[in-house]
Trainee: 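Have a look at this one.
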Amino acid sequence: MTIQIDRKITGYSVVRPQDPARPDDQAAAFPEREKAKVIQMHEKLERPETLRGTTYKIKTPLTEHALYLTINDIVLNAGTEHEHYRPFEIFINSKSMEHFQWIVALTRIVSAVFRKGGDITFLVEELKAVFDPRGGYFKKGGRYMPSLVAEIGDAIEQHLRTIGMLPDSELDARQLKLIEEKRSEYETRTGQANSKTETDATYPDGAQLCYKCSTKAMIMMDGCLTCLSCGESKCG
């Protein structure tokens with residue numbers, strides 16, 4: 001096998017057939033070889049016979065039937081310290097045929113991007129930025145979705161967080177405690193503790209839409225707008 005020497009030779013020794021192999025020396029001299037053993041996602045990677053799949057149910061007021069979004073993951077470097085999951089393909093099934101054409105097109109394009117490898121997290125922001133000209137809708141809990149495509153992007157984001165491609169955005173215990181205190185104080189002041197609707201399942205009536213997390217959970221507290229979902233506040 002031919003080896004290209006791209007560094008200055010500072011010494012040499014003759015290796016005889018009877019000498020024991022010294023893999024540590026070769027690894028030190030050619031660290032790129034060790035790095036090359038770590039398999040990364042790329043488009044020429046063959047699909048295994050079996051993949052692990054996760055299915056997400058998407059039910060919106062825009063469609064009569066629910067959509068079922070399935071993402072299949074491939075395991076790279078199984079059994080090593082470099083083992084990790086990467087999405088390989090995506091499927092969306094539904095009894096409703098209204099959106100069949102563009103859903104098939106979307107799943108093929110997204111699957112192709114998955115198999116391309118590299119940083120695929122940009123897909124989430126691109127999909128979540130799609131707005132329906134007829135208007136969006138609120139999910140249970142008060143979270144606003146600008147379109148069905150945006151909710152598909154939200155499901156993909158949830159999956160990428162699950163497999164570790166995106167950092168977990170959950171609030172810490174201190175933030176959760178502060179938000180709960182703000183909510184209790186607001187409900188006590190306004191007497192809305194027992195007046196929640198299904199749309200505003202966990203947030204007070206009259207709450208505004210948060211520009212950061214798109215949840216109808218922004219209330220006026222102490223002269224400052226504060227979100228009871230993500231903790232965003234105009235006052236910092």
Side-chain angles (χ1 to χ4, degrees), residues 1-58 68-93 106-129 150-177 212-213 230-231:
M1 184 178 85
T2 303
I3 299 176
Q4 181 180 356
I5 300 176
D6 55 3
R7 287 173 289 183
K8 184 178 180 181
I9 298 176
T10 59
Y12 69 91
S13 61
V14 178
V15 179
R16 295 171 296 179
Q18 62 269 30
D19 292 342
R22 297 186 297 176
D24 294 340
D25 292 347
Q26 291 202 13
F30 303 99
E32 62 274 8
R33 289 187 183 177
E34 292 299 312
K35 185 177 180 181
K37 294 180 182 178
V38 179
I39 300 174
Q40 301 294 341
M41 192 69 184
H42 57 84
E43 57 187 330
K44 294 184 179 180
L45 194 65
E46 292 187 5
R47 185 191 190 280
E49 290 294 327
T50 304
L51 293 175
R52 185 190 73 165
T54 306
T55 301
Y56 302 86
K57 181 179 179 180
I58 299 177
Y68 295 89
L69 183 150
T70 299
I71 300 178
N72 290 335
D73 298 319
I74 186 172
V75 184
L76 300 178
N77 309 295
T80 72
E81 60 179 341
H82 303 291
E83 177 178 312
H84 57 272
Y85 289 88
R86 287 295 178 265
F88 191 87
E89 57 195 8
I90 181 173
F91 301 98
I92 300 178
N93 297 308
L106 180 66
T107 55
R108 290 184 178 181
I109 292 173
V110 172
S111 295
V113 174
F114 283 169
R115 291 191 289 270
K116 192 75 173 177
D119 184 8
I120 62 168
T121 57
F122 72 92
L123 279 173
V124 171
E125 293 304 321
E126 292 294 334
L127 294 176
K128 290 174 67 176
E151 185 154 6
I152 291 174
D154 186 69
I156 294 175
E157 179 181 26
Q158 180 182 344
H159 186 78
L160 295 185
R161 293 190 189 283
T162 301
I163 64 176
M165 288 196 72
L166 284 174
D168 193 354
S169 61
E170 292 294 327
L171 302 177
D172 58 33
R174 181 187 61 81
Q175 291 172 313
L176 290 173
K177 181 179 179 181
K212 183 177 180 181
C213 68
C230 66

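Position 1 is the first residue of the sequence, and the numbers go up from there.
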Trainee: For Thr54, what residues pass the side-chain hydrogen bond (donor to acceptor under 3.5 Å, both in side chains) criterion, not counting sequence neighbours?
Mentor: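 Counting only residues at least two positions away or on another chain, Thr54 forms no side-chain hydrogen bond (donor to acceptor under 3.5 Å, both in side chains).
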Trainee: Taking Glu43 first and then Lys116, would you say they form a salt bridge - that is, a charged N and a carboxylate O separated by under 4.0 Å?
Mentor: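 Between Lys116 and Glu43 there is a salt bridge, with a charged N closer than 4.0 Å to a carboxylate O.
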Trainee: I'd like to check Ile39 versus Leu45 (side-chain heavy atoms, cut-off strictly below 4.5 Å). Are they in contact?
Mentor: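 A side-chain contact exists here, since the closest heavy-atom pair is under 4.5 Å.
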Trainee: Once side-chain hydrogen bond (donor to acceptor under 3.5 Å, both in side chains) is applied, do any residues pair with His159, and if so which ones, sequence neighbours excluded?
Mentor: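 For His159, the residues satisfying side-chain hydrogen bond (donor to acceptor under 3.5 Å, both in side chains) (neighbours in sequence not counted) are Tyr56, Asp73.
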Trainee: Nearest heavy-atom pair of Leu69 and Ala155: which atoms, and what distance?
Mentor: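 So the two residues come closest at CD1-CB, 4.3 Å.
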Trainee: Apply side chain to side chain contact (heavy atoms under 4.5 Å, CB included) to Glu157 and Leu127, showing your working.
Mentor: CA-CA 10 Å; Glu157 179 181 26; Leu127 294 176; over 6 Å; no
Trainee: Could you list the residues that satisfy side-chain hydrogen bond (donor to acceptor under 3.5 Å, both in side chains) with Thr162, not counting sequence neighbours?
Mentor: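 Applying side-chain hydrogen bond (donor to acceptor under 3.5 Å, both in side chains) to Thr162 gives none.
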Trainee: Using side-chain hydrogen bond (donor to acceptor under 3.5 Å, both in side chains) as the criterion, list what pairs up with Arg47, not counting sequence neighbours.
Mentor: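 Arg47: side-chain hydrogen bond (donor to acceptor under 3.5 Å, both in side chains) contacts with Glu89.
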Trainee: Who are the salt bridge (charged side-chain N to carboxylate O under 4.0 Å, His left out) partners of Glu125, not counting sequence neighbours?
Mentor: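 Partners of Glu125 by the salt bridge (charged side-chain N to carboxylate O under 4.0 Å, His left out) criterion come out as none, since no residue qualifies.
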Trainee: CZ/Arg115 to CD1/Ile120 distance, rounded to the nearest 0.5 angstrom?
Mentor: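 Output value for this atom pair is 11.5 Å.
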Trainee: So how far is it from Asn72 CG to Thr55 OG1, rounded to the nearest 0.5 Å?
Mentor: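 It is 8.0 Å, given to the nearest 0.5 Å.
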Trainee: Can you sort out the partners of Val110 under side-chain contact (heavy atoms from CB on, under 4.5 Å), two or more places apart, ordered by chain and number?
Mentor: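 Checked Val110 against side-chain contact (heavy atoms from CB on, under 4.5 Å); matches are Ile90, Leu106, Phe114, Leu123, Ile156.
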Trainee: To the nearest 0.5 Å, how far apart are CG in Asn93 and OH in Tyr68?
Mentor: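 Here the interatomic distance stands at 10.5 Å.
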Trainee: Please identify each residue that fulfils side-chain contact (heavy atoms from CB on, under 4.5 Å) with Lys44, with sequence neighbours left out.
Mentor: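 side-chain contact (heavy atoms from CB on, under 4.5 Å) list for Lys44, sorted by chain: His42.
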Trainee: Quick check: do Arg52 and Val75 have side-chain heavy atoms less than 4.5 Å from each other?
Mentor: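 Answer no - side chains too far apart.
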Trainee: If I compare all heavy atoms of Pro87 with all of Leu160, which pair ends up nearest, and what's the gap?
Mentor: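 Pro87 and Leu160 have their closest heavy atoms at CG-CD2, 4.0 Å.
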Trainee: Among residues two or more places apart or on two chains, list those pairs meeting side-chain hydrogen bond (donor to acceptor under 3.5 Å, both in side chains) that have a residue in residues 77-87.
Mentor: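 Listed once each, the pairs would be none.
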